[in-house]
Number of protein chains: 2
Amino acid sequence: MKKLHKLNRIYWIYGGVMGLLMIILQVIQYKTMVREFNLDFYGASIGILFLIFGIWLGSSIYRRKSTDKYDGDKLGLSNRELEVLELLAQGLSNQEIADKLFVSLNTAKTHISNIYSKLNVKRRTQAIQKARDMALIDSPKE
Amino acid sequence: MKKLHKLNRIYWIYGGVMGLLMIILQVIQYKTMVREFNLDFYGASIGILFLIFGIWLGSSIYRRKSTDKYDGDKLGLSNRELEVLELLAQGLSNQEIADKLFVSLNTAKTHISNIYSKLNVKRRTQAIQKARDMALIDSPKE
DNA sequence: TGTTAAATCACCCGAAAGGATGAGCTTAAA
DNA sequence: TTTAAGCTCATCCTTTCGGGTGATTTAACA
């Protein structure tokens, strides 16, 4: 639900820019049609415009990775799981996490597995990343 | 010296792609000239081509921003090791890193092992943390 | 009272990661 | 030309991770 919300906004922006570009192109096309037509100039203009737009778009796409924040939403993670996630992000091994929480290795593993499925990731490194992006844990730079 | 090496490669790639695009454009131009000329198709083609190229270029540029930073202390990490470290911090597995760098799994593991000893850590999660702390890699919040 | 979610633990298995060591190749430097 | 560093790849071995399944206990809840 929230994801769709966010994505929709992005699509609207992109769509809007696309539409604007199309209009610009139409204007250019019209102008160059009524005057002496210069194909090279026309092609170069379109190329440059789309190139600039593409660069901006590419940057945006890449940059968007960490901009998405999930305020308050903890994705159904329980308290214990958040606790484990914190230790996970500190670079501790499963055994070390188990020791810190005074539970067995198996229990720690169970929690971690549940975290993975809730975060929809496959490795602990990805879990750490996602947790950081979603501000589920303390991030060093904020 | 080594940096120039790498940058040169990038420039060559960019240059090559640029040149190829120009050739493609010339061909399209020629074909559309001799037949019935379709301006919309011409414009759309150029637009799409440059858009794709721009997106790719934009991503590359943005991604590359921090790779050439921090000439300071890298703890004796070689260029290749920094490259591996970057991918490591992206949450990739050893196999995925190997695939991205077009080397064998064993090579990737060797690099990673060397990184561990140079960073004085034992696990990849710790390596990521230390790399982030020392600004050896991209930190999401800066 | 029955149900549900959370937390705990166990066992098994395969995949991934990590350590140790050796070795071939290339390039830059002494 | 010898040396050193960097990159590459390999093999063997151990540990850790991760997936799957099932079970118990407790607390909250309808």
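So you know, we letter chains A, B, ... as the sequences are listed, proteins then strands, and number each from 1.
Atom-to-atom, CZ of A/Arg80 to C1' of C/dT8 comes out at 9 Å; the value is rounded to the nearest Å. Between A/Ile97 atom CD1 and C/dA7 atom P there is a gap of 15 Å when expressed in whole angstrom units. Between B/His111 atom NE2 and D/dA5 atom C1' there is a gap of 13 Å when expressed in whole angstrom units. In this structure, the CG atom of A/Leu82 is 14 Å from the C1' atom of C/dA7, given to the nearest Å. B/Leu77 places its CG atom 14 Å from the C1' atom of D/dA5, with the value rounded to the nearest Å. The nearest whole Å value for the distance from the CG atom in B/Asn79 to the P atom in C/dT27 is 16 Å. Per the geometry, CG belonging to B/Asn120 stands 11 Å off P belonging to C/dG19, to the nearest Å. For the pair B/Glu83 CD and D/dC7 P, the computed distance is 9 Å after rounding to whole Å.
Sorted by first and then second residue, the salt bridge (Lys or Arg N to Asp or Glu O under 4.0 Å) pairs involving residues 94-104 of chain A (not counting sequence neighbours) are A/Glu96-B/Arg123. Legend: side-chain hydrogen bond (donor to acceptor under 3.5 Å, both in side chains) pairs involving residues 106-116 of chain A, not counting sequence neighbours, sorted by first then second residue: A/Ser104-A/Thr107.
Scanning for side-chain hydrogen bond (donor to acceptor under 3.5 Å, both in side chains) contacts around A/Glu83 gives A/Arg80, with sequence neighbours left out. With sequence neighbours left out, the salt bridge (charged side-chain N to carboxylate O under 4.0 Å, His left out) criterion links B/Lys118 to B/Glu81.
We find the CD-CG distance between A/Gln126 and A/Leu119 to be 10.5 Å, quoted to the nearest 0.5 Å.
Across its full length, the helix from C/dT1-D/dA30 to C/dA30-D/dT1 shows an angle of 40° between the axes of its 5 terminal pairs at either end, rounded to 10 degrees.
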Once base and sugar-phosphate atoms are separated, protein heavy atoms under 4.0 Å mark nucleotides 9-30 of chain D, 5' to 3', with B, S and - as BBB-----SBB-----------
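In terms of hydrophobic clustering, with Ile, Leu, Val, Met, Phe, Trp and Tyr side chains grouped at heavy-atom distances under 4.5 Å, B/Val103 and B/Leu92 are assigned to a common cluster.
Residue B/Leu85 comes nearest to B/Ala131 through the heavy atom pair CD2-CB, 3.7 Å, listed as atom of the first residue, atom of the second, then distance. Between B/Ala89 and B/Ile128, the closest heavy-atom pair is CA-CG1, 3.7 Å.
Exactly one residue among A/Leu101, A/Ile112, A/Asn94 makes a side-chain contact (heavy atoms from CB on, under 4.5 Å) with A/Leu87. That residue is A/Leu101.
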